[in-house]
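Every chain is numbered from 1 and lettered A, B, ... according to where its sequence line falls, protein lines coming before strand lines.
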Amino acid sequence: MLDIKLIRENSEIVRDSLRKRGDDEKIQMLEELVGKDQQWRQSLDKANALKAERNKIAKQIAEVKKVGGDASEQIKRSAEIPKEIARLDDETIALKTRVDEILMRLPNILHESVPVGADDSANVEVKKWGKPKEFNFELKSHGELAESLGLADFDRATKVAGAGFNYLKGDLALLDLALMNYAINCMVNKGYTLIEPPFMMRRSAYEGVTDLADFENVMYKIEDEDLYLIATSEHPMAAMFMDEIIDEDKLPLKYVGFSTCFRREIGAHGVDTKGLFRMHQFNKVEQFIFCQPEDSWKYHEELQANTEAMFQALGLPYHVVNVCTGDIGNLAAKKYDIEVWFPRQGKYGEVTSCSNCTDYQARRLNIRTGKHGGDKKSVPHTLNNTAIATSRAMVAILENYQNADGTVTVPEVLRQYMGGKEKLGKV
RNA sequence: GCGAGGAUAGCCCAGCCUGGUAAGGCGCAGGAUUGCUAAUCCUGUGCUCUUUGAGCUCGGGGGUUCGAAUCCCCCUCCUCGCGCCA
């Protein structure tokens, strides 16, 4: 959520940012917001003047009655006011409701370095690491590899739960846990606090952490309960301090969360994405930071560096893209994606996403920072980045580490988490 | 699922029976006095607006009333106990 004061005083900043996104609908909403906000303040003023009069008379009545006098004259005058107040209040509330509604839907202001473009084809490569390995045999897709080694059973998962789920078996299930443990250890060693969060959240908390459109497209709702399955542990970590004031001496708060993630929307399945690439359910280790506003760009780079170090250690070639205006979403002011090399497809594909949400998410959640009991408060910045999402990391490992004989080598850094195993074994 | 008790400002807590417009403490900020990293005293303290002023704020919503933290109705959440349970 944007600061209403910023919109009142510098609406052109917001307008420019929306123009870069090419979002005409939101620009119209902004214009409506500016008008309604002004009307709201006028309406509020009128209502307040009337309430002031009512309060004054009520006070007189109290004083007259205290000394046993006759207040019937004042009571008669006062009795006429409430109806008019009610009418003005209705008007004021209606205006305010619309103002808030629009405020919740306007996206964050983009950082100046975000490239302008309509979709992901306009994302700009800012870094490249590692050389794709040359293979002298015909590559298998990760799905073929997993099934031929007996390490996944997509068909039975479909029978039991439908498309988008799977049974991981044997060494692949072990690899999933190894990736989780590896990512967690890396982050804990860097001083991040490990969090196992709730996997479900109330709607009121969820509205703070994400775009409302996600509820229809992405979220699973628990029937007859006010609960949604989380789409990422970013969400419960962000909501942790909802409606609180974080002691400024405690910032930055650096967290690493792990959870299973649940998403309804998984998109189309092609030959190469059959299997683990898009799932209704997957495991992910996620980094999250609350910090002082002036530090957030520094930590944005830190979060990105943390994740790159892990992919380097895993020996997976990747490049980093600066995500463009048309692909960045509502919350982030700037976003880097790591796209790892998928040899079978011969292209890079998204595996992580590093966002600086500036004060946008924290304001939605009503999180402030300052001294407890103090009167100077500001809105902290929030940032998040994937550490490792195991499903896509496993796709990358299966494809990049496959051998001519159909086996798959285990990346060295993961072996200590798999009992020293060097190859994924057949089940 | 049943029963009981709760929700008041950054935190703790009083007021509710008996309606008259949120007391006190902690913390925080400023000041006085003092001068061992201490103590004492004074003033201030949340939100909004078009800020010399006014309005709002006692979990949320509605009702009664000239006037509601207080009375009435509905709802939400929390805690404890019982039941169930990995």
Side-chain angles (χ1 to χ4, degrees), chain A residues 1-11 33-103 196 198-208 221-228 236 239-251 253 260 290 292 359 362-380:
Chain A
M1 185 166 76
L2 298 175
D3 186 352
I4 185 73
K5 283 179 186 154
L6 175 79
I7 295 173
R8 278 177 201 154
E9 288 158 20
N10 292 295
S11 66
L33 171 67
V34 170
K36 289 260 162 74
D37 178 55
Q38 178 139 18
Q39 287 174 38
W40 167 66
R41 282 179 288 163
Q42 284 168 358
S43 176
L44 183 68
D45 205 42
K46 279 190 219 160
N48 279 352
L50 216 51
K51 283 176 187 175
E53 196 184 334
R54 179 200 60 193
N55 290 346
K56 206 168 134 194
I57 296 172
K59 212 171 237 174
Q60 285 171 5
I61 293 170
E63 274 164 24
V64 170
K65 285 205 164 178
K66 224 177 253 171
V67 296
D70 174 19
S72 58
E73 187 62 29
Q74 284 91 337
I75 289 173
K76 197 178 150 202
R77 265 171 65 206
S78 182
E80 294 156 9
I81 293 180
K83 216 178 234 177
E84 181 61 6
I85 288 180
R87 193 191 66 76
L88 278 167
D89 273 352
D90 285 350
E91 183 184 297
T92 308
I93 290 165
L95 285 164
K96 179 67 170 153
T97 302
R98 182 58 183 158
V99 164
D100 289 345
E101 210 173 86
I102 296 175
L103 257 187
E196 180 176 343
F199 286 13
M200 299 179 205
M201 286 169 58
R202 290 194 180 128
R203 183 164 184 130
S204 60
Y206 234 120
E207 284 174 347
K221 169 99 171 68
I222 304 295
E223 196 176 5
D224 295 329
E225 302 274 346
D226 176 26
L227 286 171
Y228 293 81
M240 190 158 35
F241 295 103
M242 178 172 74
D243 296 323
E244 288 189 41
I245 295 170
I246 303 174
D247 190 334
E248 62 187 4
D249 296 335
K250 299 232 169 89
L251 295 179
L253 291 168
T260 302
F290 297 90
Q292 296 284 8
D359 59 357
R363 186 172 291 106
R364 288 176 78 105
L365 285 161
N366 188 29
I367 299 171
R368 289 162 296 166
T369 182
K371 264 191 201 167
H372 275 170
D375 57 355
K376 272 179 279 176
K377 284 168 204 118
S378 57
V379 179

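- For the pair A:Leu365/A:Asp243, no side-chain contact is recorded, criterion being any heavy-atom separation below 4.5 Å from C-beta on.
- The distance between atom CD1 of A:Ile93 and atom C1' of B:C56, rounded to the nearest whole Å, is 12 Å.
- Atom CE of A:Met242 and atom P of B:G59 are 18 Å apart (whole Å).
- A salt bridge links A:Lys96 to A:Asp100: one of the charged nitrogens lies within less than 4.0 Å of a carboxylate oxygen.
- Panel note: side chain A:Ser43, backbone A:Gln39; no donor-acceptor pair is recorded below 3.5 Å.
- No engagement by A:Glu244 is indicated, since no non-hydrogen atom pair under 4.0 Å with the nucleic acid exists.
- One P atom belongs to B:A54, the other to B:G6, and the distance between them is 38 Å to the nearest Å.
- When rounded to the nearest whole Å, the span between CG of A:Asp45 and P of B:U51 equals 9 Å.
- In this structure, A:Arg368 atom CZ and B:G46 atom P are separated by 11 Å, rounded to whole Å.
- Between the C1' atoms of B:A9 and B:A14, the separation comes to 14 Å (whole Å).
- When the P atom is compared between B:U57 and B:C41, the two are found 35 Å apart, to the nearest whole Å.
- Atom C1' of nucleotide B:U57 and atom CG of A:Leu44 are separated by 14 Å, given to the nearest angstrom.
- Spacing of P atoms, B:G24 relative to B:U18, comes out at 26 Å, to the nearest Å.
- With C1' as the reference atom, B:C42 and B:G46 are 22 Å apart, rounded to whole Å.
- B:C58 and B:A68 have their P atoms separated by 11 Å, with the value rounded to a whole Å.
- When A:Val99, A:Leu95, A:Ile93 are each tested for a side-chain contact (heavy atoms from CB on, under 4.5 Å) with A:Thr97, only one passes: A:Ile93.
- A:Arg202 comes within contact range of the sugar-phosphate backbone alone, with a heavy-atom separation under 4.0 Å but no base atom that close.
- With a 4.5 Å cut-off on side-chain heavy atoms, A:Thr92 and A:Trp40 count as touching.
- As rounded to whole Å, 17 Å separates atom C1' of B:G55 from atom CD of A:Gln42.
- A:Ile245 has its CD1 atom 9 Å from the C1' atom of B:G46, to the nearest Å.
- More than 12 heavy atoms of other shown residues, nucleotides or ligands fall within 6.0 angstrom of atom CD in A:Gln292.
- A:Phe290 has its side chain within reach of A:Ile367: a pair of non-hydrogen atoms, C-beta onward, lies under 4.5 Å apart.
- Judged by closest nucleotide on RNA chain B, A:Lys5 is the one of A:Glu53 and A:Lys5 placed further toward the 5' end.
- For RNA chain B, each stem of at least three Watson-Crick or G-U pairs (distances under 3.5 Å) is given as range with range: B:1-7 with B:76-82, B:10-12 with B:24-26, B:27-32 with B:40-45, B:46-49 with B:53-56, B:59-63 with B:71-75.
- Across the C1' atoms, B:C16 and B:U21 are found 15 Å apart, a figure rounded to whole Å.
- B:U79 and B:A32 are spaced 48 Å apart, taking the P atom of each and rounding to whole Å.
- At a threshold of 4.5 Å between non-hydrogen side-chain atoms, the residues A:Lys5 and A:Ile7 do not count as touching.
- Distance A:Arg41 CZ to B:C49 P: 7 Å, rounded to the nearest Å.
- Looking at which nucleotide of RNA chain B each of A:Asn48 and A:Asp37 is closest to, the 5′-most match is held by A:Asp37.
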